[in-house]
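Everything quoted here is computed from the prediction, not taken from an experiment. Atom set for the values below is all heavy atoms of this structure, side chains included, hydrogens, waters and symmetry mates excluded.
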Amino acid sequence: MKHVLIPTDFSIRSLRVIHSVIEKFGNEKITIVMMHALRMPTSITDLMMLSRRSAHQDLITDDYKDACEIIRNKYASNIKLLKTEFLFGNTSAVFRNFLQYQNIDIIVCADTEEFRLTGKDSYNPAALINKSKYPVYRVPLAQRKEKFLVSAMSELFEA
């Protein structure tokens with residue numbers, strides 16, 4: 001079974017990478033970890049209050065949750081587990097420990113950087129990914145088009 005890490009900014013676009021993961025590793029069960037990177041809080045009060053029910057959980061949008069459910073249903077025979085995790089910290093050691101804890105085999109990223117910061121402590125983990133010794137599979141995605149009448153959920157099904 002493959003364990004795949006995909007960085008996410010909680011946009012539907014970040015989930016489109018999963019289609020390529022299924023094509024590449026479709027003959028075996030896959031565990032997909034969607035990772036959002038946050039800087040470690042600097043105040044002692046914030047550190048003491050840090051828990052799984054903290055404000056960072058509010059960054060996950062309803063559209064993102066719905067899209068994850070659609071993907072789970074569509075690829076039920078291929079995906080053993082699809083979960084979203086937060087990486088707290090921005091050092092190589094923290095990232096390496098996160099990857100080892102999640103048993104990650106490969107990191108899959110969109111070829112073009114269109115990462116948006118969803119929270120005040122969010123950051124783009126591209127530098128950590130590039131410095132890591134883990135294999136990285138880059139997926140080409142079509143450029144984002146301006147859409148006015150189409151729901152963001154439709155982006156999930158674009159090639």
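Minimum heavy-atom separation, Asp111 to Pro140: CB-CA, 3.7 Å. What you find for Asn130 and Arg138 is that their closest heavy atoms are OD1-NH2, 2.7 Å. Residues Ser132 and Ile107 share a closest heavy-atom pair of OG-CD1, 3.9 Å. Minimum interatomic distance between Leu128 and Ser92 (heavy atoms only, all atoms of both residues): CD2-N, 3.8 Å. Heavy-atom minimum distance, Arg39 versus Lys120: NH1-O, 4.3 Å. Residues Ile6 and Ser14 approach most closely at CG2-O, 4.0 Å, considering heavy atoms.
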Check the pair Leu82, Tyr75 against side chain to side chain contact (heavy atoms under 4.5 Å, CB included), reporting the backbone distance first and the verdict last.
CA-CA 10 Å; Leu82 172 63; Tyr75 298 116; over 6 Å; no
Side chain to side chain contact (heavy atoms under 4.5 Å, CB included) for Phe10 and Met34? Distances and angles first, verdict last.
CA-CA 9 Å; Phe10 302 120; Met34 302 298 294; over 6 Å; no
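Contact of the Ile129 side chain with the Tyr134 side chain is not registered, since no non-hydrogen atoms from C-beta on lie closer than 4.5 Å. Side chains of Asn124 and Asp9 form no contact here, defined as non-hydrogen atoms less than 4.5 Å apart.
The only member of Val33, Val108, Ile106 that meets side-chain contact (heavy atoms from CB on, under 4.5 Å) when paired with Leu5 is Val33.
Annotation: ring pair (Phe, Tyr, Trp, His ring centres under 6.0 Å) contacts of Phe25 (sequence neighbours excluded): none. Judged as a side-chain contact (heavy atoms from CB on, under 4.5 Å), and not counting sequence neighbours, the contacts of Val94 are Leu87, Thr91.
In this structure, CD1 on Ile71 lies 6.5 Å from CD1 on Ile79, to the nearest 0.5 angstrom. The distance from the NZ atom of Lys2 to the CG atom of Asn27 is 9.5 Å, given to the nearest 0.5 Å. Summarising the geometry, atom CD1 belonging to Ile12 is positioned 7.5 Å from atom SG belonging to Cys68; distances are rounded to the nearest 0.5 Å. The structure places OG1 of Thr84 at 10.5 Å from CD1 of Ile32, a figure rounded to the nearest 0.5 Å.
No side-chain donor-acceptor contact under 3.5 Å links Tyr137 and Ser20. In summary, the side chains of Thr61 and Asp63 do not present any donor paired with an acceptor at a separation below 3.5 Å, with no hydrogens or angles considered. There is a side-chain donor-acceptor pair under 3.5 Å between His36 and Ser122.
Under a 3.5 Å cut-off, the side chain of Tyr123 and the backbone N or O of Leu117 do not form any donor-acceptor pair.
No continuous path of ILVMFWY side-chain contacts below 4.5 Å connects Ile104 to Ile22, so the two sit in separate hydrophobic clusters. Cluster annotation: Tyr64 and Ile18 are assigned to the same hydrophobic cluster (Ile/Leu/Val/Met/Phe/Trp/Tyr, side-chain heavy-atom contacts under 4.5 Å, transitive).
For Lys29, the NZ atom counts as densely surrounded, since its 6.0 Å shell holds more than 12 non-hydrogen atoms of other residues, nucleotides or ligands.
For the side-chain hydrogen bond (donor to acceptor under 3.5 Å, both in side chains) condition, the pairs that include at least one residue of residues 94-109, sequence neighbours left out, are Lys83-Gln102.
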